[in-house]
There are 2 protein chains.
Amino acid sequence: MYSSQYWYLQNHSLFKHLNSSDLNEICYIAAYKTVRKGDIIFFSEENIGRVFTLKKGSLKIVRIDEQGNEIVKDILKVGDLFGSLDLIESNEDEYAIVLSDTATFCSFKAADFEKFIENKPDVAVKYTKWIGFWFKRLENRYSNIMFKDVKTRLMSFLKDIAKDHETDTDGYVSLPNYLTHQDIASLICSTRQTVTSLLNTLKAEGVLTYSRKEIKLKTAALES
Amino acid sequence: MYSSQYWYLQNHSLFKHLNSSDLNEICYIAAYKTVRKGDIIFFSEENIGRVFTLKKGSLKIVRIDEQGNEIVKDILKVGDLFGSLDLIESNEDEYAIVLSDTATFCSFKAADFEKFIENKPDVAVKYTKWIGFWFKRLENRYSNIMFKDVKTRLMSFLKDIAKDHETDTDGYVSLPNYLTHQDIASLICSTRQTVTSLLNTLKAEGVLTYSRKEIKLKTAALES
DNA sequence: ATGCTTTTGTCGGCTAAAAGACCAATTCAG
DNA sequence: CTGAATTGGTCTTTTAGCCGACAAAAGCAT
């Protein structure tokens with residue numbers, strides 16, 4: 001019964017403080033899966049109303065708007081929650097694409113989770129705070145988009161990724177880059193061409209270097 | 001003990017299903033206040049970490065950005081929650097201004113509420129869903145701002161307000177208008193001048209009429 | 001290798017809407 | 001009632017950055 005699933009859940013800050021009988025219970029309602037690069041996780045059908053949490057790898061959340069445009073909504077990394085976070089069933093037009101070579105995630109039905117937190121009110125509060133945190137994050141991202149120009153947005157996007165990476169010896173932070181310029185454009189709400197030329201001006205300014213698989217950002221540029 | 005505070009809380013969908021002993025408890029942690037037009041509610045100092053809910057009137061949430069610009073973030077009406085919704089203490093740079101002649105609101109400390117929902121897990125779930133709803137709302141508003149042009153944004157802003165108002169006999173929905181063009185501009189993320197001239201083109205197109213105190217929107221324009 | 005597809009690079013034209021400037025109309029305070 | 005302050009109206013100028021077009025480079029499959 002002490003399955004390997006345990007340690008992961010326990011590692012997640014949302015569940016960190018639960019004892020093993022709690023874990024037992026949540027494991028009962030949880031399901032695990034490992035998928036490969038390019039695989040798609042739909043939030044419809046059997047996944048409706050599920051909350052996912054990413055154990056390994058990274059993925060991007062994509063939404064199709066009315067005109068059929070692919071909009072990259074978010075890039076997620078280990079520990080992030082996604083899916084029906086709000087415990088509301090919906091998100092018909094959203095799905096996730098795996099960016100890393102493999103990705104492992106866990107999921108449980110929001111409805112089950114609801115039942116679970118009814119007995120564990122402290123988890124409920126934690127969960128609410130977690131959602132609140134995401135709320136803030138979203139708010140920030142959007143206010144950025146509205147009030148900053150594209151160049152600033154691109155920079156804060158890069159800085160944001162850089163936060164999770166060690167700075168190299170040579171004064172650069174190396175960011176693995178699974179994203180095309182098109183993806184980046186979509187994330188910072190701009191166009192492919194603009195991103196390309198901005199990356200080149202930034203290169204010219206000595207702020208960064210980049211190839212297809214990585215972006216090296218000058219650590220000095222992380223200030224301000 | 002059956003104070004007048006009761007009926008208000010009971011009227012709020014979040015607390016509707018609570019019995020009177022629950023209400024007793026939440027009233028214990030709640031505080032009430034009535035304020036006048038133009039009054040400001042700061043979220044700092046003694047209000048830090050408070051959740052507010054509006055009983056009567058309307059108000060606007062304003063934020064001051066780094067450059068000192070006033071940004072109108074939201075317009076709230078009866079029943080809306082505001083303040084430290086996420087149960088996280090913050091929002092230093094935000095405050096609310098009363099728009100209607102008077103406004104009455106209730107507030108409780110997030111920390112107290114936390115304790116309260118620990119005994120009332122069903123409220124916790126409801127609350128989480130409520131937050132989720134706001135999350136969606138925010139998401140929608142911003143995706144509007146990003147992908148629609150100003151005119152469309154203005155129209156959906158008006159339609160959004162119109163939802164809460166009865167259509168008049170003459171085929172118009174009358175919207176009381178406490179907002180200056182500057183405010184509207186700020187809400188839909190545009191400029192005063194653009195809003196003014198757009199309102200006038202819309203008037204020319206016969207979609208609406210407006211004066212300083214009301215905007216009359218043609219009901220036919222509510223479709224699509 | 002060889003071709004096919006996807007991604008990147010660059011350029012100029014184009015447009016929505018911001019920004020500035022000024023005046024008219026309202027509102028408000030004393 | 002009167003003058004100041006706020007709000008609304010309409011110009012004109014300016015600009016960020018979108019868009020289309022096309023070429024070069026890199027990735028990928030056979």
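A note on names: the letters A, B, ... follow the listed sequences, proteins ahead of strands, and every chain is numbered from 1.
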ring-ring contact (aromatic ring centres under 6.0 Å, His included) contacts in which one or both residues fall within residues 180-216 of chain B, not counting sequence neighbours: B/His181-B/Tyr210
Length of the NZ-P vector between B/Lys213 and C/dT26, whole Å: 10 Å
Stepwise side-chain hydrogen bond (donor to acceptor under 3.5 Å, both in side chains) check, A/Asp149 with A/Thr152: CA-CA 6 Å; A/Asp149 63 7; A/Thr152 315; 2.4 Å; yes
Pairs satisfying salt bridge (charged side-chain N to carboxylate O under 4.0 Å, His left out), at least one member in residues 188-214 of chain B, at least two apart: B/Lys151-B/Glu205
Between N or O atoms, less than 3.5 Å apart, protein on one side and nucleotides 17-26 of chain D on the other: list the pairs.
unit_1	atom_1	unit_2	atom_2	d
D/dG17	OP1	A/Val150	N	3.0
D/dC18	OP2	A/Ser190	OG	2.7
D/dC18	OP2	A/Thr191	N	3.0
D/dC18	OP2	A/Thr191	OG1	2.9
D/dC18	OP2	A/Thr194	OG1	3.0
D/dG20	N7	A/Gln193	NE2	3.1
D/dG20	O6	A/Gln193	NE2	3.4

Value in whole Å for how far the P atom of D/dT7 lies from OH of B/Tyr210: 15 Å
Inter-residue atom distance B/Met155.CE - B/Leu198.CG, 0.5 Å rounding: 11.0 Å
d(CG, A/Asn200; C1', C/dC11) in whole Å: 14 Å
Residue-level proximity of residues 175-184 of chain B to DNA chain D when a heavy atom falls under 4.0 Å: B/Thr180, B/His181
Whether A/Phe52 and A/Phe105 hold their rings parallel, tilted or perpendicular, with breakpoints at 30° and 60°: perpendicular
Partner residues of B/Asp170 under the salt bridge (Lys or Arg N to Asp or Glu O under 4.0 Å) criterion, sequence neighbours left out: B/Lys216
A/Thr102-A/Lys56 side chain donor-acceptor pair, cut-off 3.5 Å: yes
Interatomic distance where CD1 belongs to B/Ile145 and P belongs to C/dA18 [whole Å]: 12 Å
Sequence neighbours excluded - salt bridge (charged side-chain N to carboxylate O under 4.0 Å, His left out) pairs with any residue from residues 173-191 of chain B: B/Lys60-B/Asp183
